[in-house]
Amino acid sequence: MNGAAANPVEYADMQGLLRFSHAHLAGCRLLLLRVREPRQARRWLARVPVLSAEKSPRLPRHAVQLALTAAGLTALGLPADVLAAFPEPFLGGVAGDANRSRRLGDTGANAPQHWRWGGAGPEAHLLLMLYAAPGDLDTWENEVVGEGFDTAFEVLHRPPDSRMSRTEPFGFADGVSQPVVDWGQSLKLEVGGRADFRHDMALGELALGYRNEYGLFCDRPLLDPRRYPGADELAPAVDAPGLHDLGRNGSYLVVRQLAQDVAGFWRYLEQQAGGDDAGAESLACALVGRRRDGAPLLPGGRPAPGGINDFDYDDDPLGRACPLAAHVRRANPRSGDFPPRADGPLSRLRATLGFGRRHRGEDLVASTRFHRLVRRGRVYGEAPDTGLHFMCLGADIARQFEFVQAAWMASATFAGLQGQADPLLGSREPQLGGQPTDNFHDTRPGAEPARLTGLPRFVTLRGAGYFFLPGIRALRFIAGCGESGNGA
Amino acid sequence: MITAPVDERRLDALRELLAGMNRAPGLADPRNTLVPFYQFGTLHVARLVIIEALTNDDIRAHGEEPRPWPPTLAFLGDVDGDGEWFLAELAVRAGEGLTRIFDHCVDFSAGHSDLLAWMRDHNRRPAANYVNWRGRTLRQVREEAALVERLRAHLRSPELVAMRGHPLAQHAALKARVDIAVAEGKLRLSEPEPTPAPWWLANILHLLAWPLVLLLLSPLLVLAAPVYLWRLRRLERADPENRERPGRAHLARLAEQEDLDVSNQFNVFGQVKPGRFRRLTIRVLLGLLDYSARHVYRRGYLTRVQTIHFARWVLLDGGRRVYFASNYDGSADSYMDDFINKVAWGLNLVFGNGVGYPRCRWLVLGGAKHEQKYKYTLRRNQLPSQCWYKAYPGLTAVDLARNAQVRAGLALRRPTRAAASRWLELL
């Protein structure tokens, strides 16, 4: 299938964040806004110079990107039945439902009522993301907000400014593994189509309106222009003739402010290692699943052949080199559609029927390619008040972010483990039946101590939100909602 | 599975009564007074569900008038050994509570004095049944869990800590401690009970009978196959698909009882596509499923899925409807994704005959691979449980298998060093 010919990518209609991390703009400022005056807000939105994903000969000197919450879409006048066609997690919001919080592990000290933003209190409507050199952020903010901004919006919260950094605050290389987006749309897309793990990811896993890893389109609002005047300005829906696509070139953005207790992290590890620095370092590597420089933990201590991101865990099914519970192994288990070494048709048939497992725990983890996150996070603050603005993009919040967070991070039974939630992100809250989640087993031979119990909390959630990052035409359409004759 | 239609005027009262048995939404308090589940020494999982036809109107897409389906109370339990014994035990231990519960059913209120006879009358055999590990009794599960807990505690003791790096010594020391605990009556490790000879005989007959029947019928089947496939493809091309999303309130009702334990319960109730062709197809396929679950998939996995404890499929309303109940590890989303990616073909075989299911080709292709459509259809037809009980909270199917391995490894008389360290890794 030549997807590119059938459905060419419209970079000019896509916000730049989908394609770039704006790494050359080291400073980033987030503003959480609430609409005060919808007419003014729409007017402002119609002229905000959102940066597109087109490549320009010179790198931009600053950028602004914009995302909206479900409440924001309502406040701007998007008709309720259009809003209802958005997927459930976006509508419900990350903090809107105790059941969601329980699934995501946003409990105890991480529960929404303790957040600095996104939890209790008035709901944010917009997320304004400003990128510039750190010294230029103030000027750039003034330029972007411009006249009429204060009548249009109230600034609900300003999370601390963040910066591009190769290492996260605990001291480990960050952002090593990113899915490689298939912009050329040449991947073979079907269930069971890729036996082994690869970094490539279908464009439709990131941007709405393109084919995803199933070869299908993620759900999004498709509008009939006869009912919604102005909708004909939107791109036609590729998969539904006559309808126009509000999601096209858009994506969903998940933001979580993760405060990191750097001193507490290292203090604990040193205690466990009996004051031995090398021991603490080794234990930290086991928790993270990488060395500080980002090198993976592979059998025999060998380096990854083609760079630090070129490996999988097929040769380490029992976690003797990298513990199963390690953070990066959970976040990206690098599993394929079939268990390892099911290469030929016969061995695949055997695997499909469930036979021929070689190790305990084999084939327990879902195929990774359906659960990838395009990360755009940055580091904020200085110790003791430091952490990560975790930001990830994806076309399906439930299947991507929520799946990874719930089934792989927060779950104490990932890959057949017992009582071990993510060693870095876990809230440490016991399960309803009292079973612990705060254990960690360092399964490397000779590891000492091998069994940690009662891990303290190293990371605390300070705020979070689910946002829709619209395509640029969609943003203009939203800005036109509620105006005469539009979006009736 | 005991089923009986509920007196609709008393539906809310029944819901309230059943909710009173719980300690969290949908999750049973084992010591509730109506059915004190904790007293049942052979009961692994149980649930009470009010089966309602929420998607009854979907069949109109086929041009058929929906048949009436009164809200029906179902009681399901998975037990060791004979189901008849379990019914009798229920009548003894929970007679009063069950009488109060079943009293909300239409034909019970007519004045039944003999609860056991009534339950027998209303008991329905599943068309297919899956058990994660045939022959693993609740007693075994509990004894092995206690064993592992004790071993882990010992492993933290100074004596054992001092032996680190000496797996053989650790194995021997732990074994000695367990022997003492057993001798002192602090730990029990019962021998497995022998399987009764008649059961074995019946099982072997069952194992042979199906292939034999198929062999005898094979000339006929070969002749019928082209006609069958021609008809199948015609239907598959024309069958309408569900286009509706599950309602938000419905999803919230399901979500509130999910992920309270490491395991979850799941109920789906839907209609079989109209016509004898589909009804026959699903009956035969469920028969095959039951056969393979009984003779092939009996040791920890159902094809690639290793996370189901118990599952059953029951045909109701003269084979026009299917009820599916399962007990699985992990969250509902990962359960659905796991199935799509690992066993779409298996789902298609059975649920492909259900109204609204995404389009299949040749019974096994397509279907669940329409990920979003599949998830919407499944969720729309999913029902919450009124009350769900699991005898070993906090333990997954993988944990149970691991615990059994621990016990087996402990019994080794002269393990090699490598075997002893592998065994210690299990702890």
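The figures that follow rest on heavy atoms only: side chains count, while hydrogens, waters and symmetry mates do not. Only a predicted model underlies this, so the values are computations on that prediction, with no experimental measurement involved. Sequence lines set the chain letters: A, B, ... in the order given, protein chains first and strands last, and positions in each chain run from 1.
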Checking [X] against chain B: side chain, backbone, both or neither under 4.5 Å from a heavy atom?
X        : result
A/Ala407 : side chain
A/Thr443 : neither
A/Ala98  : neither
A/Arg350 : neither
A/Ala450 : neither
A/Arg451 : side chain

Counting heavy-atom pairs under 4.5 Å with chain B, which one of A/Glu448, A/His371, A/Arg357 comes out on top?
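Looking at each option in turn, the highest pair count goes to A/Arg357.
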Of the listed A/Gly433, A/Gly416, A/Gly419, the one with the largest count of heavy-atom pairs under 4.5 Å with chain B is A/Gly416
### Query
Distance-only, no hydrogens or angles: does the B/Glu371 side chain make a donor-acceptor pair with backbone N or O of A/Cys218 under 3.5 Å?
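Not confirmed, B/Glu371 side chain does not pair with A/Cys218 backbone.
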- Item | N-O pairing of A/Arg102 and B/Asp259 below 4.0 Å | no
- Test side chain to side chain donor-acceptor pair (under 3.5 Å) on B/Tyr301 and A/Asp363 and set out the steps. CA-CA 11 Å; B/Tyr301 55 94; A/Asp363 206 20; over 6 Å; no
How far apart are the C-alpha atoms of A/Leu364 and B/Val398, what are their side-chain angles, what is the distance that settles it, and do they pass the side chain to side chain contact (heavy atoms under 4.5 Å, CB included) test? CA-CA 9 Å; A/Leu364 277 173; B/Val398 174; 3.8 Å; yes
Can you say whether [X] sits under 4.5 Å from chain A via the side chain, the backbone, both, or neither, judging by heavy atoms?
X        : value
B/Glu256 : both
B/Arg379 : neither
B/Leu254 : neither
B/Val296 : side chain
B/Lys375 : side chain

B/Asp290 meets the side chain to side chain donor-acceptor pair (under 3.5 Å) criterion, sequence neighbours left out, with none
Report the residues that fulfil side chain to side chain donor-acceptor pair (under 3.5 Å) with B/Asn381, sequence neighbours left out, ordered by chain and then residue number.
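Side chain to side chain donor-acceptor pair (under 3.5 Å) check on B/Asn381 returns B/Thr55.
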Please report the interatomic distance [atom1]([X]) to [atom2]([Y]), rounded to the nearest 0.5 Å.
X        : Y        : atom1 : atom2 : value
B/Asp338 : A/Phe370 : CG    : CZ    : 11.5 Å
A/Asn212 : B/Gln372 : CG    : CD    : 9.0 Å
A/Asp337 : B/Lys342 : CG    : NZ    : 10.5 Å
A/Gln435 : B/Asp399 : CD    : CG    : 10.0 Å
B/Asp333 : A/Arg103 : CG    : CZ    : 5.5 Å
B/Arg422 : A/Leu318 : CZ    : CG    : 10.0 Å

- [ ] Find out whether B/Lys369 and A/Leu216 are in side-chain contact, i.e. whether some heavy atom of one side chain is under 4.5 Å from a heavy atom of the other.
- [x]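 B/Lys369 does not reach A/Leu216 side chain to side chain.
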### Sub-4.5 Å side-chain heavy-atom contact between B/Arg304 and A/Pro339
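B/Arg304 vs A/Pro339: side chains touch.
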Exercise for the section: Output the residues of residues 246-253 of chain B for which the shortest heavy-atom distance to chain A is under 4.5 Å, in residue-number order; output 'none' if no such residue exists. Expected result: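 Result: B/Arg248, B/Leu251, B/Ala252.
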If you draw a 6.0 Å radius around CZ in B/Arg31, do more than 12 non-hydrogen atoms from other residues or ligands fall strictly inside?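 12 or below, so no.
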If you count the non-hydrogen atoms of other residues, nucleotides and ligands that lie under 6.0 Å from CD in B/Glu149, is the total more than 12?
->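 No.
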Nearest heavy-atom pair of [X] and [Y]: which atoms, and what distance?
X        : Y        : value
B/Ile340 : A/Tyr214 : CG2-CE2, 3.8 Å
A/Leu432 : B/Leu260 : CB-O, 3.2 Å
B/Asp337 : A/Arg399 : OD1-CD, 3.9 Å
A/Gln418 : B/Leu395 : NE2-CD2, 3.5 Å

Check: So which residues of residues 87-97 of chain A are in contact with chain B at a heavy-atom cut-off of under 4.5 Å?
Finding: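 Only A/Pro87, A/Glu88, A/Leu91, A/Gly92 of residues 87-97 of chain A have a heavy atom under 4.5 Å from chain B.
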Of the listed B/Arg164, B/Met336, B/His370, the one with the largest count of heavy-atom pairs under 4.5 Å with chain A is B/Arg164
Taking atom types as modelled and ignoring hydrogens, do the side chains of B/Gln405 and A/Arg360 form a donor-acceptor contact shorter than 3.5 angstrom?
no
